[in-house]
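Read the structure below first, then the notes.
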There are 2 protein chains.
Amino acid sequence: MSDLLERLRGRGWRMTAQRRVVAEVLDGDHVHLTADEVHARAVTKLPEISRATVYNTLGELVTLGEVLEVSTDRRAKRYDPNAHRPHQHLVCAQCGAIRDVHPAGDPLADLPADERFGFVVSAVEVTYRGVCPNCAGA
Amino acid sequence: MSDLLERLRGRGWRMTAQRRVVAEVLDGDHVHLTADEVHARAVTKLPEISRATVYNTLGELVTLGEVLEVSTDRRAKRYDPNAHRPHQHLVCAQCGAIRDVHPAGDPLADLPADERFGFVVSAVEVTYRGVCPNCAGA
DNA sequence: ATCCTACGATGGACTTTGTCTAAGTCAAGT
DNA sequence: ACTTGACTTAGACAAAGTCCATCGTAGGAT
C-alpha cells in the first residue's frame, strides 16, 4: 500500500496523517468497507479524524481511480481498493458478505447494438446475488 | 393497469383510493420513478396522500412481485412497473435517463463454479452505463 | 531552521431518503 | 348500518452524506 502513497504523492497529493490513515485502513484484499466503517477504524489510529475528512478523502481516491465505489445494498456505499483488476461482486442476500469474482466473457458484448438506443456504452456493473456457505449451513 | 388492480384485489388486497392512485402513477413503459416522484404525482390526484402510504404501498407492490426496485444511482431507489419481462438497465451517466434493455445471453452462466465460493447464486443485476444521445449531442 | 500560504481538516448544521408509531379512518363482510 | 381489522396520517426519528466557515499544517521559499 505504500506504493499507493508514493503514487499519490507523485500526483501532487499533499500527504497528511489523515490521508495516510485512510489509505492504510483500505489496504488488503476483499475489503469492502462503508465510509463509516473506514471512519471507525481510522479513529483507532488517529482519534481526532473527522467524518467529513474521511468522506473527502474517499471521494478523492475514487476520483483518482485508486478506489472503487460499489453499492451492493441500498444502504451505504462501500469502498473497494481493488481498483486495478476489473471484477464484479457476489453478495450474500442474508449476511451481506461480499466477494470479488471474475466472470468469463465480457458483459459489455452482450448488449446488441439495437438495444443501445444511441447510447455510447462505456461500462457495466454486475452484481451476483445468492446465499453464502455460512448462511446456507445455518 | 386495471389488470393490476384486478389481480391485487384477487389476492385479497383491500382497495383504497391511495393504492389506486399509486398504481395509476406507475402505469406505463420505461417508468422509473423515485418514491418522492411517485408521491409528488400522487398528490396531484389525491392531495391528502401521505409519504408513508406511498412508501408502504410501493413496498407491498415489490413484495407482491408487481413492481421492481432498482437502484441505478446511489440516491433514491426507483420503482419499475415492468416486472413481468426480465430486463436490465442502461443509464446515462450525465442526465440519469434510464432505458430498459434486453441483453443476449445469460449473465448467470458467465460465473464459473470455481468463482462461486460455495455460494448458491440465484440472481444477477446488470447495469450498463454510458451517455445518451441527448447528452452526447450537447 | 523558520516563515508563508494555499490546501487540507474540523465539527456542526443541514439535506435527502427512508422508517416507525400512535391515533384516527374506512372498505368490506355480516 | 354496524363492526372490525386493515389502512392512512402526520410527524418524530434515523442513517448516510454534503456543505460551510474557520482553524491547522505540509511543504516550498527564504
Side-chain angles (χ1 to χ4, degrees), chain A residues 5-25 32-64 66-80 96, chain B residues 5-25 32-64 66-80 96:
Chain A
L5 294 178
E6 285 310 314
R7 249 180 297 150
L8 295 174
R9 204 190 312 255
R11 297 215 220 175
W13 227 44
R14 190 151 134 188
M15 193 49 53
T16 68
Q18 290 82 351
R19 288 176 169 185
R20 201 169 4 247
V21 164
V22 169
E24 282 172 20
V25 166
H32 303 92
L33 298 171
T34 66
D36 260 7
E37 287 164 353
V38 172
H39 180 239
R41 299 192 185 196
V43 161
T44 69
K45 303 183 181 217
L46 188 67
E48 68 277 20
I49 192 171
S50 73
R51 287 193 334 125
T53 296
V54 171
Y55 277 104
N56 288 342
T57 304
L58 289 172
E60 286 158 18
L61 288 169
V62 169
T63 299
L64 293 171
E66 297 291 345
V67 166
L68 294 177
E69 222 174 55
V70 303
S71 9
T72 52
D73 56 32
R74 279 84 207 180
R75 312 195 33 111
K77 298 174 203 170
R78 293 178 175 275
Y79 293 89
D80 183 345
Chain B
L5 294 178
E6 286 309 316
R7 248 180 298 151
L8 294 174
R9 204 189 313 253
R11 297 215 218 174
W13 229 42
R14 190 150 136 191
M15 192 48 52
T16 68
Q18 290 84 350
R19 290 175 168 184
R20 204 171 359 249
V21 164
V22 169
E24 281 170 21
V25 166
H32 303 92
L33 299 172
T34 66
D36 259 7
E37 287 165 353
V38 171
H39 180 240
R41 299 193 186 194
V43 160
T44 69
K45 304 184 180 211
L46 186 67
E48 67 277 21
I49 192 173
S50 75
R51 285 191 335 124
T53 297
V54 170
Y55 276 103
N56 288 342
T57 305
L58 290 172
E60 287 158 16
L61 288 169
V62 169
T63 299
L64 294 170
E66 297 291 346
V67 166
L68 294 178
E69 222 174 55
V70 302
S71 10
T72 53
D73 56 31
R74 280 81 206 185
R75 310 191 38 105
K77 297 175 204 170
R78 293 176 174 276
Y79 293 89
D80 182 345

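So you know, we letter chains A, B, ... as the sequences are listed, proteins then strands, and number each from 1.
Residues forming a side-chain hydrogen bond (donor to acceptor under 3.5 Å, both in side chains) with B:Arg9 (at least two apart in sequence, or on another chain): none. Under the salt bridge (Lys or Arg N to Asp or Glu O under 4.0 Å) criterion, A:Arg78 pairs with A:Glu37, not counting sequence neighbours. Residues forming a side-chain hydrogen bond (donor to acceptor under 3.5 Å, both in side chains) with B:Lys77 (at least two apart in sequence, or on another chain): none. A search for salt bridge (Lys or Arg N to Asp or Glu O under 4.0 Å) contacts involving A:Asp73 returns nothing, not counting sequence neighbours. With sequence neighbours left out, the ring pair (Phe, Tyr, Trp, His ring centres under 6.0 Å) criterion links A:His32 to A:His89. For B:Ser50, the side chain to side chain contact (heavy atoms under 4.5 Å, CB included) test picks out B:Ala52, B:Thr53, with sequence neighbours left out. Residues forming a side chain to side chain contact (heavy atoms under 4.5 Å, CB included) with A:Asn56 (at least two apart in sequence, or on another chain): A:Glu60. Legend: residues meeting side chain to side chain contact (heavy atoms under 4.5 Å, CB included) with A:Arg14, ordered by chain and number and at least two apart, are A:Arg19.
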Completion exercise
Protein heavy-atom contacts under 4.0 Å, written 5' to 3' over nucleotides 17-30 of chain C as B (base), S (sugar-phosphate only) or - (none), form the string SBBB-----BBS--
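A distance of 8.5 Å separates OG1 in B:Thr16 from CG in B:Leu46, rounded to the nearest 0.5 Å. Distance check, rounded to the nearest 0.5 Å: CD of B:Glu69 to CG of B:Leu61 gives 11.0 Å.
One axis for each end of the helix from C:dA1-D:dT30 to C:dT30-D:dA1, each built from five base pairs, and the angle between them comes to 30° at 10° resolution.
Once you apply a 4.0 Å limit to the heavy atoms of chain A, the touched nucleotides of DNA chain D run 5' to 3' over D:dA15 to D:dG27.
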